[in-house]
Amino acid sequence: MESNSLAHIGKIDIEAFRKDLLDWFTAEQRQLPWREDSDPYKVWVSEIMLQQTRVDTVIPYFLHFINKFPTIEALASADEEEVLKAWEGLGYYSRARNLQSAVKEVRDTYGGIVPSEPVDIAKLKGVGPYTAGAILSIAYGRPEPAVDGNVMRVLSRILLIWDDIAKPSSRKIFEAAVRELISHDNPSYFNQALMELGALICTPTSPKCLLCPVREHCAAFHQGEQDTLPVKTKKKSVKRLQMGAVVLKTDNGNYLIHKRPSKGLLANLWEFPNVELDSFGSHRKQLEEFLRLEYNVEAKIDNGLLTKIEHVFSHLVWNIDVFTGSVKDISMISEELRAVEEEELVQFAFPVSHQKIWKSYKESCLKD
DNA sequence: AACACGTGGTT
DNA sequence: TAACCAAGTGT
């Protein structure tokens with residue numbers, strides 16, 4: 001990390017590198033909804049959505065979200081339920097809650113103007129070093145580094161940096177590199193160009209070096225190391241949990257749904273009642289016991305599985321056995337449970353696995 | 001520092 | 001198909 005991580009930076013013709021990179025971006029950049037103007041709020045929303053998420057996935061969510069919450073004021077005054085519903089299916093739901101929290105902070109503390117000072121913007125919830133640099137450079141033209149996975153991959157190759165990019169401590173090496181390389185005439189294009197190059201040309205596998213506008217500046221290309229960089233250690237394998245879930249119909253035709261806790265996995269999203277199962281005894285009995293003890297609900301679980309659903313997260317996998325069942329008396333229903341009509345379900349934000357549960361349930365109803 | 005935190009596309 | 005990947009942040 002040390003001083004020799006950036007040994008190759010002195011060998012680059014920085015002026016020529018900037019020009020080649022910016023000329024390429026000017027000619028080849030994709031037309032994306034968040035590139036139509038540099039409204040700091042829209043830049044902000046796009047950057048949060050793009051965290052760990054593909055451009056093609058984000059586009060429809062961004063269009064809908066900006067249409068529904070066009071301004072900081074609109075988002076700040078919205079119900080959290082509405083915001084989560086607009087985020088449904090995007091994943092990493094704390095992004096949505098942190099974004100709304102930070103937007104309220106901007107309304108209340110900064111007069112509704114996204115702060116343009118690094119120390120201020122970095123305080124906002126959900127705005128880390130990358131997002132701060134992205135907003136500052138793209139919306140305000142400040143020469144701040146915006147180092148994401150693309151930038152680390154691209155610069156590890158151009159500058160032949162062998163540090164492990166999976167280590168948090170490596171990011172500052174790349175920030176130091178960007179501070180030396182960045183165009184002060186157009187920091188916005190420079191940062192976006194580095195990311196666009198990573199997305200379109202300098203890809204994780206099979207980089208398209210023969211199409212690369214800066215290959216003559218690239219140490220890895222000259223040394224034939226483009227396929228060995230970046231160095232990135234592997235993460236450990238995920239844990240598997242056996243879950244049981246149940247679509248529970250009340251005697252007056254409503255369905256029981258549960259709101260998840262405000263912290264942790266899928267926070268504040270709604271779901272069908274579910275619990276981790278052990279391998280001893282009947283899954284039906286375990287579910288009935290869980291419903292009685294946890295929610296004070298006396299339920300009859302039907303014989304036979306409705307379906308099995310696999311829900312893959314970054315760090316774990318749920319194998320969900322899905323049942324159907326009925327409840328007679330919900331007078332003593334617990335707080336986090338709601339009995340809602342079928343038509344009302346669309347108002348609630350569900351994780352993808354529970355959307356699949358409902359879809360499967362509706363398909364099974366058609367057969368009767 | 002290491003791990004939690006979603007989802008869908010690719011290899 | 002299991003593993004990996006994609007414009008990271010919070011704790």
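To find a chain, count down the sequence lines: A is the first, B the second, and so on, and within it residues start at 1.
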N/O donor-acceptor pair, side chain A:T131 with base C:dG8, under 3.5 angstrom: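 There is none.
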Donor-acceptor pair (no angle test) under 3.5 Å: A:Y92 side chain, B:dG6 base: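 Side chain to base: pair found, below 3.5 Å.
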Toward the 5' end of DNA chain C, by each residue's nearest nucleotide, A:N98 or A:A199: A:A199
Upstream residue (5' side of DNA chain C) when A:L50 and A:V127 are each assigned their closest nucleotide: A:L50
Check against side chain to side chain contact (heavy atoms under 4.5 Å, CB included), A:L181 and A:R18: CA-CA 7 Å; A:L181 296 173; A:R18 286 175 185 154; 5.6 Å; no
May I ask you to check whether [X] and [Y] show a side-chain donor-acceptor distance below 3.5 Å?
X	Y	answer
A:Y189	A:Q29	yes
A:T131	A:Q51	yes
A:T250	A:N252	yes
A:W270	A:E81	yes

Base, sugar-phosphate, or nothing for [X], non-hydrogen atoms under 4.0 angstrom?
X	value
A:R30	base
A:I48	nothing
A:R35	base
A:K125	sugar-phosphate
A:W318	nothing

Other cluster members, A:Y92 - Ile/Leu/Val/Met/Phe/Trp/Tyr, side-chain contacts below 4.5 Å: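 Reading the cluster by chain and number, A:Y92 sits alone, since nothing else belongs.
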For atom [atom1], what is the distance between [N] and [M], given to the nearest Å?
N	M	atom1	result
C:dT9	B:dG8	P	22 Å
B:dC5	C:dA2	P	23 Å
C:dC4	B:dC3	P	15 Å
B:dA1	C:dA6	C1'	23 Å

State plainly whether the residues [X] and [Y] are in salt-bridge range, i.e. N to O under 4.0 Å.
X	Y	answer
A:E15	A:K19	no
A:K249	A:E342	no
A:E88	A:K85	yes

What is the distance, to the nearest angstrom, from the [atom1] atom on [X] to the [atom2] atom on [N]?
X	N	atom1	atom2	value
A:R260	B:dC5	CZ	C1'	11 Å
A:L99	B:dC5	CG	P	20 Å
A:M49	B:dT7	CE	C1'	14 Å
A:K239	B:dG6	NZ	C1'	16 Å
A:K167	B:dA2	NZ	C1'	11 Å
A:I165	C:dG8	CD1	C1'	13 Å
A:N268	B:dG6	CG	P	11 Å
A:R97	C:dT9	CZ	P	17 Å

Phosphate contact ([N] OP1 or OP2) by [X] side-chain N/O below 4.0 Å:
X	N	value
A:Y93	B:dT7	yes
A:H311	B:dG6	no
A:H315	B:dC5	yes
A:R153	C:dA6	yes

Along DNA chain B (nearest heavy atom to each residue), the more 5'-positioned of A:P168 and A:R95: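 Taking each residue's closest nucleotide, the earlier one in sequence belongs to A:P168.
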Nearest listed nucleotide, side chain of A:K232, among C:dC5, B:dT7, C:dT9: C:dC5
A:S314 side-chain proximity, nearest of C:dG8, B:dC5, B:dA1: B:dC5
Pairs: protein N or O with nucleotides 8-11 of chain B N or O, under 3.5 Å:
| residue | atom | partner | partner atom | Å |
| --- | --- | --- | --- | --- |
| B:dG8 | N2 | A:R54 | NH1 | 2.2 |

